[in-house]
Every structure is written in C-alpha cells, then in structure tokens.
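Reading through the structure tokens given below for one structure.
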Amino acid sequence: MTVSNTFDSLTSGGSSTPTTSIPVYIPLCPPIRSAASFASTSSTESSSSSVHLSERPVAEVTFRHGRVEDAPFMTDMQFSNYLYHYHDFAPKVFLENLDYAAMTANHTKRMTPPMEKREMAYVVAERKDPKTGELEVIGMSQATVPWWDRAYNHRFSEGWSQDDFDCEIDTLYVKIGVQGGGLGRKLVLGALQEGYDRFNMRRGVIIWTLEQNRQAREFYKRIGCVEVARRTLDLGGVPCECVAYGFRSVGGAIGK
C-alpha cells in the first residue's frame, strides 16, 4: 500500500469549499505485524474473516483531516460496520434504532469549526475507487480527550488508573472490503500523531470495544495495545460489558 501525505483539495472546516491542503502525517513506526500478515489472519479469529479481508492490495491511500462533506460517508461506514460486525453480539434494540441522520449531524457538528478550534482530531483515509476512478473515503479515526461519563462501573487493570490517560481513540472504522491490509493501524497512528501535535496529548491512550467484539480485541493486541480497563455501557438500554486496550503514552505509540 502506497501512502501519500499530500492532497490537493482540502478544507479547513469552516466551509465546504476546498482551500489549503491539510494532510495527516502517518508515523513510520515498526509494525507489530507486517501488513502481509494481516491478510493471512486465521479464520478462527473471526467467523467471517474471509469476507472482512481485502481481496486485493489498496494501491494508494491519502490520509487527511476530515471535513464536513465527509460526514455522510463516515456514517455509511459506521452503519455498515455496526450491521455487519455487531449483529451477533450487540443488543437488537440498539441496532434497530440506529439513527443515520443524527449520526451524520454529529459528525458534521464536530467538523464544522476551523481545524484549530475543533475539540477532536478526525483522520480519514481516501483512495480512488478502482471501478469508478472517483475519490472515496475508506477509513476514519478520531482522537479526543477520554469521555468517561458515557459509561459506568469502570475497573482498571493493576498498574493503571483513569489519571493515566489523556487521549482516547473514540472512532475507528475501515470500509468493508478493504479491511485486513494494515489500514486500521495507520489510522490509529495518524489520529495519535494529531493528538500529540495539536492537543499536546502526552499521557496514555485508551480504546474501548465491546467484550464480545473478538475481531476488534485481536486487532488492538496485534498493534501493541494491552488490556487496561473494563466498564459497563448501556446500548439501547441494555447493559453491555466493554474492554479497554491502551498504550502507556501517546509519544511511545508513535515512536517519539
């Protein structure tokens, strides 16, 4: 996969009119597993891993800041991932009540302020669609300060506490059909680099996932995270157990 850190038509967030290029730098950290090894993941890690993995290499990917017009594509990725990956373990009432309009509005609101005034870093991965030749968003990640109040009953692993973290990877999605080639790892690194550079995040990184989401849990372990906490999150009014994985420091995760 060729990574480009330049993009010709980006917006600073206050308008949908393309202005100055705002690329995202992806740290060149040694991978815990090579990109090729992701494509050979055992099917025992996921009941449908052969469908999740990329059928062919992603020829060229550009990483850049998210902008307002990306919001519907971000929601599309979230919806497809929720409905495809979560249907075996997420509460049915939660999946049946996903609100596309509200989710898109939330992304739009977060990306409307100019870059320097945003409360979080949005990173998107973009490529030319191999069939149409049009640019398409194929991945997204988001770094923000930890949002502790969304859940309850936090229990931290030995040697960890809430005070150890000042960065949370709140969103990470890759388009179904191009998963499994190392794109997710680059999105994590890009979001952490933005957190380090733009928000002066220097302490630990925390990433939450549902306990039953085996695919996500294996991914976080492969990129070098360790289990750091557990908590309970209500989804559609149903209590669900969550597991957190983390890095000891943002700088350490990106090779600083």
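Quick note: numbers below take in every heavy atom, side chains included, and nothing from hydrogens, waters or symmetry partners. Nothing fancy with the numbering, it's 1 onward along the sequence.
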Looking only at non-hydrogen atoms, find the nearest pair between [X] and [Y] and report the distance.
| X | Y | value |
| --- | --- | --- |
| Ser80 | Ile176 | O-CD1, 3.5 Å |
| Ser249 | Gly252 | OG-N, 2.9 Å |
| Pro146 | Cys167 | CD-N, 3.7 Å |
| Leu172 | Ser141 | CD1-CB, 4.0 Å |
| Ala253 | Leu189 | O-CD2, 3.6 Å |
| Ala191 | Ile169 | CB-CD1, 3.8 Å |

Residues in side chain to side chain contact (heavy atoms under 4.5 Å, CB included) with Ala90, at least two apart?
Tyr86, Phe94, Leu95
Would a 4.5 Å heavy-atom cut-off, applied to side chains only, mark [X] and [Y] as touching?
| X | Y | result |
| --- | --- | --- |
| Pro72 | Tyr100 | yes |
| Leu183 | Phe63 | yes |
| Met74 | Met111 | yes |
| Gln78 | Leu98 | no |
| Gln212 | Asp88 | no |
| Gln193 | Lys256 | yes |
| Leu135 | Thr62 | no |
| Ile223 | Val188 | yes |

Main-chain N/O of [Y] paired to [X] side chain as donor or acceptor, under 3.5 Å:
| X | Y | value |
| --- | --- | --- |
| Asn81 | Val174 | yes |
| His85 | Tyr82 | no |
| Asp164 | Gly204 | no |
| Arg202 | Gly251 | no |

Please determine, by modelled atom types, if Gln162 and His154 share a side-chain donor-acceptor pair under 3.5 angstrom.
no
Return the [atom1] to [atom2] distance between [X] and [Y], rounded to the nearest 0.5 Å.
| X | Y | atom1 | atom2 | result |
| --- | --- | --- | --- | --- |
| Met201 | Leu192 | CE | CG | 9.5 Å |
| Glu168 | Thr144 | CD | OG1 | 7.0 Å |
| Lys221 | Glu227 | NZ | CD | 8.0 Å |
| Gln215 | Tyr220 | CD | OH | 10.0 Å |
| Thr171 | Met77 | OG1 | CE | 10.0 Å |
| Thr104 | Asp76 | OG1 | CG | 7.5 Å |

Sequence neighbours excluded, the answer for side-chain hydrogen bond (donor to acceptor under 3.5 Å, both in side chains) partners of Asn97 is none
Trp148: hydrophobic cluster co-members (side-chain, 4.5 Å)
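Traced through the cluster, Trp148 reaches Phe156, Trp160, Phe165, Ile206, Trp208, Val226, Val228.
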Report the C-alpha distance between Arg222 and Arg185 in whole Å, list the side-chain angles of each, state the deciding distance to 0.1 Å, and finish with yes or no for side-chain contact (heavy atoms from CB on, under 4.5 Å).
CA-CA 9 Å; Arg222 288 200 301 270; Arg185 176 182 171 276; over 6 Å; no
Pick one: which of Glu60, Glu134, Glu136 meets salt bridge (charged side-chain N to carboxylate O under 4.0 Å, His left out) with Arg127?
Glu136
Contacts table for residues 239-246: side-chain donor-acceptor under 3.5 angstrom, sequence neighbours left out:
| unit_1 | atom_1 | unit_2 | atom_2 | d |
| --- | --- | --- | --- | --- |
| Glu241 | OE2 | Arg155 | NH1 | 3.4 |
| Glu241 | OE2 | Arg155 | NH2 | 2.2 |
| Tyr245 | OH | Arg217 | NE | 2.8 |
| Tyr245 | OH | Arg217 | NH2 | 3.3 |

side-chain contact (heavy atoms from CB on, under 4.5 Å) for Gln142 and Arg110? Distances and angles first, verdict last.
CA-CA 11 Å; Gln142 178 190 11; Arg110 289 173 168 180; 2.9 Å; yes
With Phe247 via ring-ring contact (aromatic ring centres under 6.0 Å, His included) - residues at least two apart
none
With sequence neighbours left out, write down each residue that passes ring-ring contact (aromatic ring centres under 6.0 Å, His included) with Tyr152, or none if nothing qualifies.
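ring-ring contact (aromatic ring centres under 6.0 Å, His included) list for Tyr152, sorted by chain: empty.
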The test is side-chain contact (heavy atoms from CB on, under 4.5 Å); show your working for His65 and Asp70 and say whether it passes.
CA-CA 10 Å; His65 286 282; Asp70 295 323; over 6 Å; no
Does the side-chain contact (heavy atoms from CB on, under 4.5 Å) test come out yes or no for Asp166 and Val250, once each step is laid out?
CA-CA 9 Å; Asp166 66 355; Val250 177; 4.3 Å; yes
In the single-linkage hydrophobic clustering (I, L, V, M, F, W, Y; side-chain heavy atoms under 4.5 Å), do Leu210 and Val238 co-cluster?
no
